[in-house]
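A short worksheet on the structure shown next.
What you are looking at is a predicted structure, and each value in this text was computed from that prediction instead of being measured. Below, read A as the first sequence line, B as the second, and so on, with proteins coming before strands; counting in each chain starts at 1.
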There are 2 protein chains.
Amino acid sequence: MTRETYLTMVEYYSQQTPFLLALDVIIFGFDEEELKLLLIKRGFEPRKGQWSLMGGFLKEDEDMEQAADRVLHQLTGLSGLYLEQLRLYSKPDRDSDGRVISMAYYALMKTDHQDSEQLEKHNAQWFKIDEIPELVFDHREMVNHALARLRRRCKTQPIGFELLPDKFTIPQLQKLYEAILGVELDKRNFRKKILSMELLQKLEEKDKRSSRKGAFLYRFDKEKYDRLIGEGFSFAV
Amino acid sequence: MTRETYLTMVEYYSQQTPFLLALDVIIFGFDEEELKLLLIKRGFEPRKGQWSLMGGFLKEDEDMEQAADRVLHQLTGLSGLYLEQLRLYSKPDRDSDGRVISMAYYALMKTDHQDSEQLEKHNAQWFKIDEIPELVFDHREMVNHALARLRRRCKTQPIGFELLPDKFTIPQLQKLYEAILGVELDKRNFRKKILSMELLQKLEEKDKRSSRKGAFLYRFDKEKYDRLIGEGFSFAV
DNA sequence: AGTTTCACGTGTCAAACGGACACTTTTGTT
DNA sequence: AACAAAAGTGTCCGTTTGACACGTGAAACT
């Protein structure tokens, strides 16, 4: 690039208005029976004391995915959780305290991996999906959007497993889908469908917490899934 | 809000780094047989003379959707085209001339509505989807992503009609789907499926450009579609 | 020791759907 | 009058989906 074009470029870019770029994460968890949402009681201004999604600002040396992972780590102490971009919230007046553009993400978290001390530090609390308190700004809209996306996505991608312990039973998995989709499923049909994909490894162990007979534990075979995907396979529940 | 909290808030926000926020649009069109992409030959710095997606910067008084619509209008002279957010491109080094965060959109345009003079002003040109020239920055990645999204989306949403004239024939519609999906479809099965949804109004007129016999023209019944959607209907091709 | 209880685990049938497949119709051209 | 070229139509079969009911295993209780 010549010195002249470089000058023109600097001029062009410098005419533009810069914006504060933030992100907010809708964090889903599953707790035996219920789909839950992790919210924080803001211990800082603005909106101190109100319930809110966890969020943060983009920094100079990272991309938005890294920022989302960092913010998530900050709250939960965990890294590498399932994260998916939702959409950009950019209305000029969405944050009444100043113009902030926010990228919404949703994350899926295994609640058995949670670090309760860490969560308490941020005044974080799990809420049942149908008992969400009033939220700041447009966070409620973000939650609605995330839930809609999760409901669509879980039918075609094996993301449910991100919400369960590494070992889980078929009835547990079914309850998860029922909680996400908000419908009851037939257990024979559910079992037939999920097992027919042959992506679950049956273990010898049983989980006896929920019945005297106990239910066999399974593990999701990620390697096999990745292999099948390469061959044109589609996951479907 | 008290004066004290306001000050805290200003302090909090002002510690953050602002970024240049842009958008780029992948514009699809359909031309009887081929799926096409509208690109511009940049007549301005940076990267003057190279092929690129149409883009622009977010302005202070608009949200990102308005910005996308504005940018699209600037190029094509058209407003209200189908627009869908893809994802944010935010790698620190994605634009080698400075840090710019870009939201990618894809748009669907009826090529029979195009204003050729307007397009020439911007050195815009249609390219077949498999003959795309080298593009600046990460625009090629955006195009790939848009194409993947379009392929998924067109199976479950009636967006194909955004690429066809208001009146179209079934064979035309089929060619469109074949062009998007890159596969051949059986015309009996296609016709059966598309007509079984009863969303197409058959007109008395025929389009005789492609055969002596001529093919009946149809119109997509948007009102009926919206009504059915409210009743839980799902579009599927 | 026998009985109860509770959730786990299993198979069948009918209807709907999806995909393969070939011939007739229409009408302009020669 | 014959031809060419694309439009338009129906059937059959295999697969998938959804509805549906009973036996099993193991702890808890008597």
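One interatomic measurement links the two molecules: CZ of B/F190 to P of C/dC17, which rounds to 18 Å at whole-angstrom precision. Between B/Q172 atom CD and D/dA6 atom C1' the separation is 13 Å, expressed in whole Å. We find that CG of B/L173 is positioned 15 Å from C1' of D/dG8, with the value rounded to whole Å. Nucleotide D/dC20 holds its C1' atom 15 Å from the CD atom of A/E184, rounded to whole Å. Put simply, CZ on B/F216 is 14 Å from C1' on D/dT9, counting in whole angstrom units. In this structure, A/L195 places its CG atom 8 Å from P of C/dT10, rounding to the nearest Å. Atom CD of B/Q174 is separated from atom P of D/dA6 by 14 Å (rounded to the nearest Å).
Taking a 4.0 Å limit (strictly below) on heavy-atom distances, residues 229-237 of chain B does not reach DNA chain D anywhere. Looking at residues 199-211 of chain B, you'll see B/S210, B/S211 sit with a heavy atom under 4.0 Å from some atom of DNA chain D.
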Cut-off 3.5 Å, no hydrogens considered: what does the side-chain donor-acceptor table look like for residues 182-189 of chain B, sequence neighbours left out?
residue : atom : partner : partner atom : Å
B/D186  : OD1  : B/R188  : N            : 3.0
B/D186  : OD1  : B/N189  : N            : 2.9
B/D186  : OD2  : B/R188  : NH2          : 3.4

Going 5' to 3' along nucleotides 11-19 of chain D, which nucleotides have protein heavy atoms under 4.0 Å from the base (write B), which only from the sugar-phosphate (write S), and which from neither (write -)? B-----SBB
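No hydrogens or angles were tested; on distance alone, nothing pairs the side chain of A/K213 with the base of D/dA26 as donor and acceptor under 3.5 Å. No hydrogens or angles were tested; on distance alone, a donor-acceptor pair under 3.5 Å links the side chain of A/R212 to the base of C/dT5.
Residues B/F168 and B/F161 place their aromatic rings such that the two centres sit under 6.0 Å apart.
Checked against side-chain contact (heavy atoms from CB on, under 4.5 Å), A/Q114 has the following partners two or more places apart in sequence or in another chain: A/M109, A/T111, A/S116, A/L119, A/W126. Applying the side-chain contact (heavy atoms from CB on, under 4.5 Å) test to A/A67 and every residue at least two apart in sequence or in another chain returns A/L23, A/L58, A/E62, A/M64, A/R70. Scored by the side-chain contact (heavy atoms from CB on, under 4.5 Å) test, A/K213 finds A/K206, A/S211 as partners (sequence neighbours excluded). With sequence neighbours left out, B/F127 forms a ring pair (Phe, Tyr, Trp, His ring centres under 6.0 Å) with B/W51. In this structure, the side-chain contact (heavy atoms from CB on, under 4.5 Å) partners of A/K121, at least two apart in sequence or on a different chain, are A/Q118.
Projected onto DNA chain D by closest heavy-atom contact, A/K187 and A/G214 fall at different nucleotides, the more 5' of which corresponds to A/K187.
Sequence neighbours left out, the pairs with a member in residues 223-237 of chain A that pass side-chain hydrogen bond (donor to acceptor under 3.5 Å, both in side chains) are A/K222-A/D226. Contacts classified as side-chain hydrogen bond (donor to acceptor under 3.5 Å, both in side chains) and involving residues 29-43 of chain A (residues at least two apart or in different chains) are given here: A/D31-A/K36, A/R42-A/S52. Residue pairs that meet the side-chain hydrogen bond (donor to acceptor under 3.5 Å, both in side chains) test with at least one member in residues 72-84 of chain A, sequence neighbours left out, are A/H73-A/S79, A/Y82-A/E84, A/E84-A/Y106, A/E84-A/R149, A/E84-A/R153.
Between the B/D69 side chain and the B/G80 main chain, a donor and an acceptor come within less than 3.5 Å of each other.
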